[in-house]
Amino acid sequence: MTALGVSLLRGAVTSPFKRAGGPGATLPTGRAVLPAAPTAPAPLAAYRTLCGFTDPETLPLTYPHVLGFPLAMRLMTERSFPLPVLGLVHTWIEISAHRPLRPQDRLELSVYADRLTPHRRGTEVTMVTEARCAGKTVWESRSGYLSRHAATGGTAARSRGATVRAGAPAVAAEAAPPDAPTAGAGLPAVAEWRLPGDLGRRYGAVSGDRNPIHLHPLTARLFGFPRHLAHGMWTVARCLAEAETGAGPGTGTGTRPGTGTGAGTGTETGAKNRARIRSVRAEFKAPVLLPATVTYAAAGDAFLLRGGDRVHLTGTVVRER
């Protein structure tokens, strides 16, 4: 069994004994570290193919997050972690690369839990992943994971905006404002992708994330979903791969690399002329039930993924100037 598989099993065992939102909750203060090593070429090639990345000379912006995810799961399934890992919802992610990363770079990865934030729907934890090369931080990501539970106590109105750093007690209160209106809902369509039913199993094979909600309809139903879901990190990666090509609406037709079944309305023309994407922020709005047909829409630095009238993902990128 892989390290990530062990963590998922440990999470299944420990989650029923954890009660999110309790008073005095604290985060573990330690870090999980993966020693410096170059990127294994075969898994990287499979990841590039499935997500649609075409540049063989650099690491996809999202890939260090994939490499560090087992470390995050190790921390989140420890006894000292206050939230049950089963049922955690990935709500947002920010990724920044301080320079282009190469497959031959010997990256040391570290992950830590940064803060607990009271949320109107429960408690959100921020997990941080950092990549260092020769002692310098060259890449980092921050992710929000929401544990849903009823607000406790009567302090919600008095404690808005409170956050709790690792090692400090959490305040059981509602802090986040209601969800903002979806930004960029009117963005023009660029590509349409048909996502096959086995996409979750294929991404699980290349990423190591074999959460049952992504694998089969039956296992997803055990967690309250009518069908299995596409991985949120695949949707982010696929959108970034599309953004890197520089394609726009009305520039031609052709099948995009990535799923083997996607049909797009752009071409690879112009990919080499686009400025490199150095950071992204994405917010997960609604799960993608598989199989599905989704539309990638973008204009300027904003993008989204939608299925019909339902928005699944919104995001913005920052390019090098």
Side-chain angles (χ1 to χ4, degrees), residues 2-8 10-12 14-15 18 20-21 25-34 60-98 107-119 121-132 137-149 162-171 175-176 203-204 207-211 213-214 231-237 240 279-284 287 313 315:
T2 65
L4 185 54
V6 170
S7 294
L8 286 172
R10 183 168 61 240
T14 60
S15 288
K18 296 183 179 183
T26 61
L27 286 171
T29 57
R31 291 179 179 237
V33 179
L34 188 66
L61 184 63
T62 48
Y63 198 61
H65 180 87
V66 172
L67 297 177
F69 185 67
L71 301 178
M73 284 297 297
R74 186 196 308 173
L75 288 179
M76 291 192 290
T77 56
E78 288 182 352
R79 288 181 177 273
S80 59
F81 192 79
L83 305 178
V85 71
L86 292 185
L88 281 182
V89 179
H90 197 180
T91 51
W92 57 270
I93 185 167
E94 295 176 344
I95 303 176
S96 297
H98 304 308
L107 298 180
E108 177 191 83
L109 296 169
S110 65
V111 178
Y112 64 93
D114 180 54
R115 67 179 69 188
L116 291 172
T117 304
H119 187 281
R121 293 179 178 173
T123 301
E124 187 175 80
V125 62
T126 299
M127 302 295 294
V128 179
T129 303
E130 296 177 342
R132 296 176 182 271
T137 300
V138 294
W139 179 99
E140 56 192 316
S141 74
R142 302 176 68 84
S143 286
Y145 297 91
L146 174 65
S147 178
R148 299 190 182 201
H149 59 81
T163 60
V164 182
R165 292 283 186 175
V171 178
Y203 185 81
S207 68
D209 184 0
R210 293 183 173 87
N211 188 315
I213 65 173
H214 302 301
H231 290 74
M233 285 307 300
W234 179 87
T235 65
V236 173
L240 285 179
S279 69
V280 62
R281 177 179 171 94
E283 298 188 9
F284 303 102
L313 174 77

Side-chain touch [X]/[Y], heavy atoms, less than 4.5 angstrom:
X	Y	result
R142	R115	yes
T235	F284	yes
E108	L34	no
T126	W92	yes
T129	W139	yes

Show the numbers, then the answer: is there a side chain to side chain contact (heavy atoms under 4.5 Å, CB included) between H98 and T137?
CA-CA 8 Å; H98 304 308; T137 300; 4.1 Å; yes
Looking only at side chains, do E124 and T91 share a donor and an acceptor under 3.5 Å apart?
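Yes, T91 and E124 have a side-chain donor paired with an acceptor closer than 3.5 Å.
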Side-chain H-bond candidate by donor/acceptor type, S207 with H231, under 3.5 Å
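No - no donor-acceptor pair under 3.5 Å links their side chains.
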When V125 is tested against each of T117, L27, L146, D114 for side chain to side chain contact (heavy atoms under 4.5 Å, CB included), which residue passes?
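For V125, the side chain to side chain contact (heavy atoms under 4.5 Å, CB included) test succeeds with only one of T117, L27, L146, D114, which is L27.
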At what distance, to the nearest 0.5 angstrom, does CG of L240 lie from CD1 of I95?
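Result: 7.0 Å between the selected atoms.
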Could you work out, with salt bridge (Lys or Arg N to Asp or Glu O under 4.0 Å) as the rule, every residue matching E130, not counting sequence neighbours?
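With sequence neighbours excluded, E130 shows a salt bridge (Lys or Arg N to Asp or Glu O under 4.0 Å) to R31, R132, given in chain and number order.
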Step by step, would you call Y112 with T29 a side chain to side chain contact (heavy atoms under 4.5 Å, CB included)?
CA-CA 7 Å; Y112 64 93; T29 57; over 6 Å; no
Compare every heavy atom of [Y] with every heavy atom of [X], then report the nearest pair and how far apart it is.
X	Y	answer
R74	A32	NH1-CB, 4.0 Å
L88	S147	CD2-CB, 3.6 Å
F81	A113	CE1-CB, 4.3 Å
E78	P28	OE1-CB, 4.3 Å
H90	S143	NE2-OG, 3.3 Å

Distance-only check: which donor-acceptor pairs under 3.5 Å involve side-chain atoms of residues 60-71, not counting sequence neighbours?
from	atom 1	to	atom 2	distance (Å)
T62	OG1	Y47	OH	2.6
H65	ND1	S141	OG	3.4

Give every residue pair that meets the salt bridge (charged side-chain N to carboxylate O under 4.0 Å, His left out) criterion with at least one member in residues 81-96, sequence neighbours excluded.
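Applying salt bridge (charged side-chain N to carboxylate O under 4.0 Å, His left out) to every pair that reaches into residues 81-96, excluding sequence neighbours, yields E94-R281.
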Could you walk me through whether L116 and L83 pass the side chain to side chain contact (heavy atoms under 4.5 Å, CB included) check?
CA-CA 10 Å; L116 291 172; L83 305 178; 4.1 Å; yes
Step-by-step side chain to side chain contact (heavy atoms under 4.5 Å, CB included) determination, T77 to M73:
CA-CA 6 Å; T77 56; M73 284 297 297; 4.1 Å; yes
